[in-house]
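Notes for the one structure printed next.
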Amino acid sequence: MAAKEMPIEEWVDKMTKAHNHHAKSIEILEQRGRNLNERLEHVERILADVHRSINRLLEHLDITIEVEDDE
């Protein structure tokens, strides 16, 4: 065996560790994506609640907000 060659067992071990690390990284990224989506959905629900509350408050105070077109 040449000085720079490694035994097949060592090569298989390194490749297996790399594959396992890659799979674990993908799993972690997928979990992070799910967590971010859950947080986004939660924030969207809170925002919808805030919009409803502001609209009720404005209606109660009989306030109308008009949006002007910049055209």
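Atoms considered below: every heavy atom in the structure, side chains included; atoms not considered: hydrogens, waters and symmetry mates.
Counting heavy atoms of neighbouring residues, nucleotides and ligands inside a 6.0 Å radius, atom CD of Glu59 does not exceed 12 of them. Other residues, nucleotides and ligands contribute more than 12 heavy atoms inside 6.0 Å of the CG atom of Leu57.
Among residue pairs with one or both ends in residues 33-44, none qualify as salt bridge (charged side-chain N to carboxylate O under 4.0 Å, His left out); sequence neighbours excluded.
One hydrophobic cluster holds both Leu61 and Ile65 under the rule that ILVMFWY side chains link at heavy-atom gaps under 4.5 Å. Residue Leu40 is not grouped with residue Leu47 when hydrophobic side chains (ILVMFWY) are merged at heavy-atom distances under 4.5 angstrom, including chains of intermediate members.
Using a cutoff of 4.0 Å between basic side-chain nitrogens and carboxylate oxygens, Arg45 and Asp49 are not scored as salt-bridged.
Here Leu36 is tied to no hydrophobic group at all, with no ILVMFWY side chain closer than 4.5 Å.
Here the NE2-CD1 distance, from His21 to Ile26, works out to 10.5 Å after rounding to the nearest 0.5 Å.
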